[in-house]
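Working notes, beginning with the structure itself.
So you know, we letter chains A, B, ... as the sequences are listed, proteins then strands, and number each from 1. Only this structure's heavy atoms are used, side chains among them; waters, hydrogens and symmetry mates stay out.
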Amino acid sequence: MRILIGEVKNHIDSEVEIAGWAQNIRAMSSVLFIEMRDVSGTVQGVLPKKGNESLFNELRTVPRETIISMTGQAVKSQAKIGYEIQIRELKIINMAEAPLPLGVVDKIESDIETRLENRFLDLRRPEILSIFKIQSTISNSIRNYFVEKGFIEIHSPKIVAAATEGGTELFPVKYFERNAYLSQSPQLYKEIMMSAGFDKVFEIAPAFRAEEHNTPRHINEFTSIDMEMSFVDDEVVMDVLENAIKTAYRSVAETNSRELEILKVSRPDLNYKFRRITYSEYVKMANDKGIELKDGDDLSTPVLKTVGGEINEFYFITRWPRDLKPFYVQPYDDKYSRGFDLQFGELEITSGAQRVHSPQVLLDNLKAKGLNPDSFAFYVNAFRYGMPPHAGWAIGLERLTMVLLNISNIRETTLFPRDRTRVTP
RNA sequence: GCCCCGAUAGUGUAGUGGCCUAUCAUCCGAGUCUGUCGAGCUCGGGACACGGGUUCAAAUCCCGUUCGGGGCGCCA
């Protein structure tokens, strides 16, 4: 029975069967080594020429990355990891072509473009695999966190009719005889679930943005971790967000020490309270650095880089001007709102808010933003017949992974990124 | 969408008008080597993004196209 390569060390001095990719075959004059790899690690098999001449000669010309299974005694040896497998039986299961379009164990680094073109090969590299093992821990631990706190997991529609909520561009899709769009966010649906009385909901699902941006931190399809809670304000959901991220970091530190080592990333440590900086304080901080910025201006990328670049930790920017936030964000006073962003340094990770719950305020806001309330009837109706006060946020899974692993391009933390020019693979 | 930069073997690169039938590494192939682990050694293989132009001569200069990188904008 096949075992994972990572388990071979528990079977020293007994016979094991492994299967995987032959990532390197080194033939000496009288002995041959096959470096085998699977999802759990690597180990080498040894085959002496004496007594195995035909297999020996066949193997020395087998291309790298061929799928092979082998059975043999696991023994302590002078191999770097301290043990190896003495091959008794070996099967060549599926031959790889040569040369590879992208070397898996080459000493040469390839461009991200070449790597994405051949992503299945790129993903075979332990450091790339490690990114996604860690991403799996992050999304699972946040899901568990929500479930433990009594949240209900929902699945909102990704094909939607609303032309826009204002702001971002949508991807149009043909929906039989009508036009529809890919959902940019579950925002309106998770709010409707508050009216439906679900109290606390979350969703981990794709979101689509048709913006023609071309930056290392934007993609057109990403995984959004969304939550919404009833009868709470913005301060409470900021606490929940801080705890969710700390929980995810703790899980990664506990379960992915090998992956963190492969990626040469130190164990994450979040032993600090996330600072809550108001938007107006942030503007003053920018002014103190000599940046010309008025209270009410949006925080541009250069501003975030100058001010946020020096804050090498998580922090909130709270009480944004109402003019800079969407119609569904609850006002704080005439000028400011209960909208917040969570930042790490210069990078926005999350945006959230206490939401409007009064149907009249909602209608006023829609009109003030130049939107047609009729287009949002399905949404506004949910506010008319008993909508509790509520608040929530959405966090980008890929961006959170970037921050945790100190990776600068979001394409690295996305399996098959969809950017301005890439729809395949 | 704007600004700047780039495109040379499967991969990553050198190359600033003639020294280029193009460098090096990796890779692939053949051989060699009593245990390698970035194996070593010998020999061989493989490339100037596309289209036009300038010139006696273009990988090299100019124009356009396509694709990519960096920055910005846009962005729930």
Side-chain angles (χ1 to χ4, degrees), chain A residues 23-36 42-50 57 60-65 75 77-84 86 96-118 121-122 162 164-170 183-188 190-191 207-220 222 224 226 228 298-305 320 324-329 337 339-342 348-353 355 369 392-396 399 408-409 411 419-422:
Chain A
Q23 65 176 16
N24 197 9
I25 298 178
R26 290 185 291 271
M28 310 296 116
S29 54
S30 66
V31 65
L32 172 149
F33 300 94
I34 306 181
E35 217 173 277
M36 293 286 292
T42 57
V43 71
Q44 74 174 12
V46 195
L47 185 79
K49 188 172 191 174
K50 206 175 170 185
N57 287 324
R60 56 183 305 155
T61 61
V62 162
R64 304 188 299 171
E65 299 298 316
V75 295
S77 78
Q78 66 200 73
K80 277 193 171 165
I81 53 169
Y83 55 91
E84 65 193 11
Q86 294 173 331
E97 289 178 31
L100 299 165
L102 176 73
V104 177
V105 291
D106 281 11
K107 298 107 201 175
I108 283 168
E109 285 233 352
S110 298
D111 293 341
I112 181 95
E113 180 65 15
T114 309
R115 292 174 41 214
L116 292 176
E117 262 326 305
N118 302 283
L121 283 169
D122 187 46
T164 177
E165 301 165 25
T168 202
E169 295 291 318
L170 299 171
S183 168
Q184 59 178 145
S185 154
Q187 179 65 34
L188 305 183
K190 64 184 184 174
E191 287 197 70
F208 306 91
R209 308 272 163 101
E211 296 295 335
E212 296 189 10
H213 36 46
N214 195 339
T215 82
R217 58 190 181 280
H218 290 94
I219 38 177
N220 297 288
F222 65 94
S224 181
D226 269 86
E228 200 73 27
D298 203 353
L299 303 180
S300 66
T301 304
V303 171
L304 289 169
K305 280 187 177 175
W320 282 75
L324 298 178
K325 285 288 172 187
F327 64 86
Y328 50 77
V329 171
S337 73
F340 62 85
D341 286 354
L342 179 72
E348 180 190 331
I349 307 293
T350 300
S351 75
R355 324 294 191 187
K369 299 271 179 190
W393 43 255
I395 187 165
R399 284 192 177 183
S408 56
N409 191 332
R411 292 166 182 83
D419 64 23
R420 177 64 188 83
T421 51
R422 178 173 292 284

Give RNA chain B the dot-bracket treatment, 5' to 3': Watson-Crick (N1-N3 with N6-O4 or O6-N4) or G-U (N1-O2, O6-N3) under 3.5 Å, [ ] crossing, | other strand.
(((((((..(((.....[.....)))((((((.......))))))...(((((..]....))))))))))))....
Residues pairing under salt bridge (charged side-chain N to carboxylate O under 4.0 Å, His left out) where one sits in residues 24-33 of chain A, two or more places apart or in two chains, turn out to be A/Arg26-A/Glu35
Whole angstrom value for the distance that separates [atom2] of [N] from [atom1] of [X]:
X	N	atom1	atom2	result
A/Asp298	B/C75	CG	P	8 Å
A/Glu117	B/G12	CD	C1'	17 Å
A/Glu109	B/U26	CD	P	16 Å
A/Leu47	B/U36	CG	C1'	14 Å
A/Lys325	B/C75	NZ	C1'	11 Å
A/Leu32	B/U34	CG	C1'	13 Å
A/Asp111	B/U11	CG	C1'	9 Å
A/Asn57	B/U32	CG	P	10 Å

Looking only at side-chain atoms of A/Val46, point me to the closest of B/G35, B/C75, B/U11.
B/G35
Which residues satisfy the side-chain hydrogen bond (donor to acceptor under 3.5 Å, both in side chains) test with [X], sequence neighbours excluded?
X	answer
A/Glu117	A/Arg422
A/Ser77	A/Glu84
A/Asp122	A/Arg115, A/Arg119, A/Arg125
A/Ser300	none

Please measure how far the [atom1] atom in [N] lies from the corresponding atom in [M], and state the result in whole Å.
N	M	atom1	value
B/G52	B/A58	P	14 Å
B/U8	B/C24	C1'	13 Å
B/C56	B/C50	C1'	26 Å
B/C28	B/G69	P	28 Å
B/A22	B/C48	P	11 Å
B/U34	B/C20	C1'	45 Å
B/G45	B/U11	C1'	16 Å
B/U60	B/G6	C1'	15 Å

Mind listing the N/O atom pairs, protein and nucleotides 39-42 of chain B, below 3.5 Å?
from, atom 1, to, atom 2, distance (Å)
B/A39, OP1, A/Asn24, ND2, 3.3
B/A39, OP2, A/Asn24, ND2, 3.0
B/A39, OP2, A/Arg26, NH1, 3.1

Using OP1 and OP2 only, check whether a side-chain N or O of A/Arg60 sits under 4.0 Å from B/A30.
no
Tell me whether the side-chain N/O atoms of A/Lys80 come closer than 4.0 Å to OP1 or OP2 in B/G38.
yes
Is any side-chain heavy atom of [Y] closer than 4.5 Å to one of [X]?
X	Y	answer
A/Leu299	A/Glu348	no
A/Phe222	A/Arg399	no
A/His213	A/Asn220	yes

Residues forming a salt bridge (charged side-chain N to carboxylate O under 4.0 Å, His left out) with A/Asp106, sequence neighbours excluded
A/Arg64
Return the set of residues passing salt bridge (charged side-chain N to carboxylate O under 4.0 Å, His left out) with A/Glu65 (not counting sequence neighbours), or none when no residue passes.
A/Arg37, A/Arg124
Without swapping roles, check the side chain of A/Lys49 against the backbone of A/Met28 for a donor-acceptor pair under 3.5 Å.
no
Can you give one letter per nucleotide of nucleotides 43-50 of chain B, going 5' to 3': B for a protein heavy atom under 4.0 Å from the base, S for sugar-phosphate only, - for none?
--------
Polar pair under 3.5 Å, donor/acceptor by atom type, side chain A/Gln44, base B/U36
yes
Under 3.5 Å between N/O atoms: give me all the protein pairs with nucleotides 68-72 of chain B, atom names plus distance.
from, atom 1, to, atom 2, distance (Å)
B/G68, OP1, A/Thr421, OG1, 2.4
B/G68, OP2, A/Thr421, OG1, 3.4
B/C72, OP1, A/Lys305, NZ, 2.6
B/C72, OP2, A/Lys305, NZ, 3.3
B/C72, N4, A/Asn214, O, 3.4

Hey, does A/Ala79 reach any base, or is it just sugar-phosphate, or nothing, if we go heavy atoms under 4.0 Å?
base
Base, sugar-phosphate or nothing for A/Glu84? Non-hydrogen atoms, less than 4.0 Å.
base
Would you tabulate the nitrogen or oxygen pairs shorter than 3.5 Å linking the protein to nucleotides 3-10 of chain B?
from, atom 1, to, atom 2, distance (Å)
B/G10, O2', A/Leu100, O, 3.3
B/G10, O2', A/Pro101, O, 3.1

